Amino acid sequence: MERMLVIEMVTFWHWWALAGGLMAVELFARGFVFLWLGAAAALVGLALLGWAAMPVSLQFVLFAGLAFSSLLAWRRFRARTTDPREIGRQSAGLVGRRASLLDPIRDGRGRVLLGDASWTVAGPDLPAGAAVEVTGADGALLQVRPI
């Protein structure tokens, strides 16, 4: 006989505790994802103050909708406010760095992981995992050579 987990009562402070935890995770993560998830949880907790008898299933649907819409809004806002010249400054700072290829370089193009970002690279054909050094940058495209 299977047992199902049944959540009978979730109160506003459960959602606020989740919001606090998610926002604390944001301190150690990058990209503001957990911030928006935490904000969605806090808003569900706020909604429960007004409607304490809200069904748990509706709470989760509300959380999912708020989380999705806030992340989508953040992504759109971030895309509009990112200066394309910033990518060129970031990539120029990578010259001289060494890394291993994520994807092989085929027909002159491949991918490498530097820091927390994946970059498109140009260079001689090499297998995935090959050690390369960044020798130049053209916008978001890095030129590499084998080490």
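A quick note: this is a predicted structure, and the numbers were derived from the prediction, not measured. Below, each value reflects all heavy atoms present in this structure, side chains not excepted, and no hydrogens, waters or symmetry copies.
- The two atoms that bring Phe12 and Gly45 nearest to each other are CB-O, 3.2 Å, heavy atoms only.
- Looking only at side-chain heavy atoms (C-beta outward), Glu26 and Leu37 stay at 4.5 Å or farther from each other.
- Between Phe32 and Trp36, the ring centre distance reaches or exceeds 6.0 Å.
- In this structure, Val132 and Leu126 have side chains that are in contact, with non-hydrogen atoms separated by less than 4.5 Å.
- Minimum interatomic distance between Ala39 and Met23 (heavy atoms only, all atoms of both residues): N-CE, 3.5 Å.
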Review item, side-chain donor-acceptor pairs of residues 52-59, under 3.5 Å, at least two apart:
unit_1	atom_1	unit_2	atom_2	d
Gln59	OE1	Trp15	NE1	2.7
Gln59	NE2	Met54	O	3.0

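- In this pair, Phe77 and Trp74 present their aromatic rings tilted. The plane angle is within the 30 to 60° band.
- Between the side chain of Arg98 and the backbone N or O of Ala131, no donor-acceptor pair lies under 3.5 Å.
- Between Arg111 and Thr120 there is a side-chain heavy-atom pair separated by less than 4.5 Å.
- Hydrophobic clustering (ILVMFWY, side-chain heavy atoms < 4.5 Å, transitive): Phe68 and Leu46 are in distinct clusters.
- Of all heavy-atom pairs between Asp107 and Asp125, the closest is N-OD1, 3.1 Å.
- Note on Trp16: it clusters hydrophobically with Trp51, by side-chain heavy-atom contacts below 4.5 Å among ILVMFWY residues.
- Residues Ala19 and Ala42 share a closest heavy-atom pair of CB-N, 3.6 Å.
- Using a 4.5 Å cut-off between side-chain heavy atoms of Ile, Leu, Val, Met, Phe, Trp and Tyr, with links allowed through other members, Leu101 and Val95 fall into the same hydrophobic cluster.
- Residues Leu62 and Phe60 fall within the same hydrophobic cluster, defined by Ile, Leu, Val, Met, Phe, Trp and Tyr side chains chained together at heavy-atom separations under 4.5 Å.
- Judged by distance alone, with hydrogens and angles left aside, the side-chain atoms of Asp103 form no donor-acceptor pair with the main-chain N or O of Val112 at under 3.5 Å.
- Atom-to-atom distance recorded for Leu72:CG and Arg75:CZ is 7.5 Å, nearest 0.5 angstrom.
- In this structure, the separation between CG on Leu48 and CG on Leu43 is 11.5 Å, given to the nearest 0.5 Å.
- For Pro146 against Pro124, the heavy-atom pair with the smallest separation is CD-CG, 3.8 Å.
- Annotation: side chain of Leu71 is in contact with side chain of Val33 (closest heavy-atom distance under 4.5 Å).
- Follow the hydrophobic side-chain contacts under 4.5 Å out from Leu113 and you never reach Ile105; the two are in separate clusters.
- Proximity of a side-chain donor or acceptor of Glu133 to a complementary backbone N or O of Ile147 within less than 3.5 Å is not detected.
- One finds the OG1 atom of Thr135 at 12.0 Å from the CG atom of Leu94 (value rounded to the nearest 0.5 Å).
- Considering only heavy atoms from C-beta on, Leu18 stays 4.5 Å or farther from Val44 through its side chain.
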